[in-house]
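Scroll down for the structure; my scribbles are underneath it.
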Amino acid sequence: MKLGSHVSVAGKGLLSAAKEAYSYGANTFMLYTGAPQNTVRKNIDTMHIKEGKEFMEEHGLGDIVVHAPYIINLASPKSQTFGLGVEFLRKEIVRTEAIGSDYIVLHPGSHVGSGEEVGLNRIAEGLNEVLSKEQSTFVALELMAGKGSELNYKFEHTAFILDKVKHNEKLVVCLDTCHVHDAGYDIINSFDEVMEEFDKVIGLDRLQVLHINGSLNPKGSKKDRHANIGADEENPKGKDHIGFKALHYIVHHDVAKNKPCILETPWLDKKTNLYKEEIEMLRQK
Ligand code: FE
Ligand code: FE
Ligand code: ZN
């Protein structure tokens with residue numbers, strides 16, 4: 001099982017990220033190449049990549065994932081926003097390759113009023129500008145909760161995008177448990193059926209990254225607020241509506257085998273997270 005969490009690159013870049021992941025008992029991790037909310041990025045040469053890779057090798061860490069910043073919106077009807085997204089994603093793919101990661105997770109985009117079909121076509125157009133047959137990194141389209149005008153909250157959206165992208169051999173899918181639950185899929189009682197549908201609509205070979213999170217809201221709420229794994233009412237961040245049993249079932253499922261499973265669960269305060277405990281809980285048979 002490949003289990004880890006989102007970690008920070010503050011300080012010594014990849015080396016700091018790897019050390020943080022190791023402290024949680026993880027064997028994989030996910031990082032942002034800078035702040036998730038902006039496009040300010042340090043030169044890749046300052047990210048301690050060689051030392052980071054050495055540390056990873058020595059400590060059994062691998063199959064790491066990069067997450068693109070949220071501000072990329074390829075579905076935007078505004079040409080400036082769209083253009084910035086395309087340009088930034090191109091650079092981010094280069095950085096992801098330099099870090100030695102095979103996957104960059106992307107929120108496909110929000111149509112902000114232009115409508116779903118227009119937005120989906122725009123995403124495909126953007127990906128067609130970015131993807132090249134030479135790149136070694138896959139772009140992992142994240143399945144979203146459907147908050148606001150967010151797209152890719154249905155498997156059919158992913159299928160639509162795949163169909164319109166020339167180099168779709170460079171596209172895979174990231175399944176976020178909080179998002180698909182919030183989008184209305186019953187992963188609590190019918191995960192096998194949900195995966196059958198995934199296979200029918202997208203193809204299970206595309207599923208390459210998982211985000212393992214609880215949800216603060218009931219199925220179909222389209223809220224996208226992550227909860228700690230199996231958290232009850234006593235948890236200061238609120239109760240998880242998915243529950244430990246379902247999340248444990250998913251990480252031990254065949255579809256997750258050897259795929260990076262990344263926790264993005266809330267921190268209790270600025271200094272405290274539960275990644276170590278949550279990883280340990282999920283790993284148990
Ligand atoms: Fe995400
Ligand atoms: Fe996620
Ligand atoms: Zn989320």
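Numbering of ligands and ligand atoms starts at 1, following listing order.
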Which donor-acceptor pairs under 3.5 Å do the side chains of residues 1-9 make with protein atoms, sequence neighbours left out?
unit_1 : atom_1 : unit_2 : atom_2 : d
Lys2   : NZ     : Asp63  : OD2    : 3.2
Ser8   : OG     : Ala10  : N      : 3.0

On a heavy-atom basis, which atom in [X] and which in [Y] lie closest, and how many Å separate them?
X: Asp186; Y: Val194; value: O-CG2, 3.7 Å
X: Leu151; Y: Ala75; value: CD1-CB, 3.9 Å
X: Gly238; Y: Ala231; value: O-CB, 3.5 Å
X: Pro69; Y: Ala35; value: CB-O, 4.3 Å
X: Glu129; Y: Arg90; value: O-NH2, 3.1 Å
X: Phe155; Y: Leu143; value: CE2-CD1, 3.7 Å

### Task
Run through the protein N/O/S atoms less than 2.8 Å from the Zn ion (ligand 3) and write them out by chain and number.
His179 NE2, Asp224 OD1, His226 NE2
### Message
Is the shortest side-chain heavy-atom distance between Lys164 and Phe160 below 4.5 Å?
### Response
yes
### Query
Sorted by chain and residue number, which protein N/O/S atoms are under 2.8 Å from the Fe ion (ligand 1)?
His67 NE2, His107 NE2, Glu142 OE1
#### Entry: His167: partners by ring-ring contact (aromatic ring centres under 6.0 Å, His included), with sequence neighbours left out
none
